[in-house]
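Below: one structure, written as structure tokens.
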Amino acid sequence: VSQSRYFHLHIDNQPNAEQFENLRSLCREVLEPLRAIVCLPISINSGFRCAAVNANVGGKPTSQHRLGEAADIEVAGMSNSDLFDAIVKSSLPFDQCILEFHDPKIPSSGWVHVSHVRQTSPKTGFLGALTPFSPSTITVRLSPIALIRLVTWLKLSICCMVVLLD
């Protein structure tokens, strides 16, 4: 839970009781079953982040890492693209699965962000994050709820762009 590189900065990166329960649920419902699926240990590069650590790494204030609901992971001996595919094709109750900063020419590049929300039903949104290495077109597969949210967001974004262009 505590990220040791922030210890020397005197940042208390300890979760409260609710955040700890979110972390426990993420491990029990997603990470441990994923380990069983891939038959390899999972390395967590980033898990819970208090506000100070999150700001220090450039995270968004609304990041699920702040709630203890997300982890950035990798598996030694498995490309991050294959790890992403394993999660997406599984029946794991994840909320988001995002392949971040991945260069297809470098299998170990980037990481997989996976999240789980214990109090609401998961939206199971899958995203391949755009990076400087990404093609201009990506495949996005979404659940019906996530698709409705995306369409609503796109409509609002287009309306905002039209207003800005006028």
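Heavy atoms only: backbone and side chains are in, while hydrogens, waters and symmetry mates are out.
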Check the pair Gln96 / Glu69 against side chain to side chain contact (heavy atoms under 4.5 Å, CB included), numbers first and verdict last.
CA-CA 10 Å; Gln96 292 181 337; Glu69 296 176 339; over 6 Å; no
For residues 19-30, pull every pair meeting salt bridge (charged side-chain N to carboxylate O under 4.0 Å, His left out), keeping only residues two or more places apart or in separate chains.
Glu21-Arg24
Indicate the atoms forming the closest heavy-atom contact of Cys97 with Val88, along with that distance.
SG-CG2, 4.2 Å
What are the two closest heavy atoms between Gln19 and Gln14, and how far apart are they?
OE1-O, 4.5 Å
Please report the interatomic distance CD(Glu74) to CD1(Ile42), rounded to the nearest 0.5 Å.
11.5 Å
What pairs meet the ring-ring contact (aromatic ring centres under 6.0 Å, His included) rule with one or both residues in residues 25-47, with sequence neighbours excluded?
none
Using side-chain hydrogen bond (donor to acceptor under 3.5 Å, both in side chains) as the criterion, list what pairs up with Asp72, not counting sequence neighbours.
Arg49, His65, His113
Go through the structure and list residues passing side chain to side chain contact (heavy atoms under 4.5 Å, CB included) with Ser90, not counting sequence neighbours.
Ile37, Leu92
Show your working on side chain to side chain contact (heavy atoms under 4.5 Å, CB included) between Ser115 and Phe94 and close with a plain yes or no.
CA-CA 6 Å; Ser115 66; Phe94 65 88; 6.0 Å; no
Pairwise side-chain contact, Val112 with Ile98, heavy-atom cut-off 4.5 Å (strictly under):
no
What residues, two or more places apart in sequence or in another chain, satisfy side chain to side chain contact (heavy atoms under 4.5 Å, CB included) together with Leu31?
Leu26, Cys27, Ile44, Ala71, Ile73, Val114
Who pairs with Cys50 by side chain to side chain contact (heavy atoms under 4.5 Å, CB included), at least two apart in sequence or on another chain?
Ile11, Asn13, Phe48, Ala52, Val53
Euclidean distance, Lys89 NZ relative to Asp82 CG, rounded to 0.5 Å:
8.5 Å
Rounded to the nearest 0.5 Å, how far does SG of Cys39 lie from CG of Leu34?
10.5 Å
Across all chains, not counting sequence neighbours, the side-chain hydrogen bond (donor to acceptor under 3.5 Å, both in side chains) partners of Ser25 are His116
Could you tell me whether the side chains of Glu100 and Trp111 share a donor-acceptor contact shorter than 3.5 Å?
yes
Check: Asn80 side chain, Ser109 main-chain N or O, donor-acceptor pair, under 3.5 Å:
yes
Quick one: does any side-chain atom of Asn22 pair with a main-chain N or O of Leu67 as donor and acceptor, under 3.5 Å?
yes
For Ala76 and Leu40 the tightest heavy-atom approach is O-CD1, 3.8 Å
Not counting sequence neighbours, list each pair that qualifies as a salt bridge (charged side-chain N to carboxylate O under 4.0 Å, His left out) and has a residue in residues 30-46.
Glu32-Arg35
Are Val57 and Ser46 side-chain neighbours, meaning at least one heavy-atom pair lies under 4.5 Å?
no
With sequence neighbours left out, write down each residue that passes side chain to side chain contact (heavy atoms under 4.5 Å, CB included) with Ser81, or none if nothing qualifies.
Ser79, Asp85, Leu99, His102
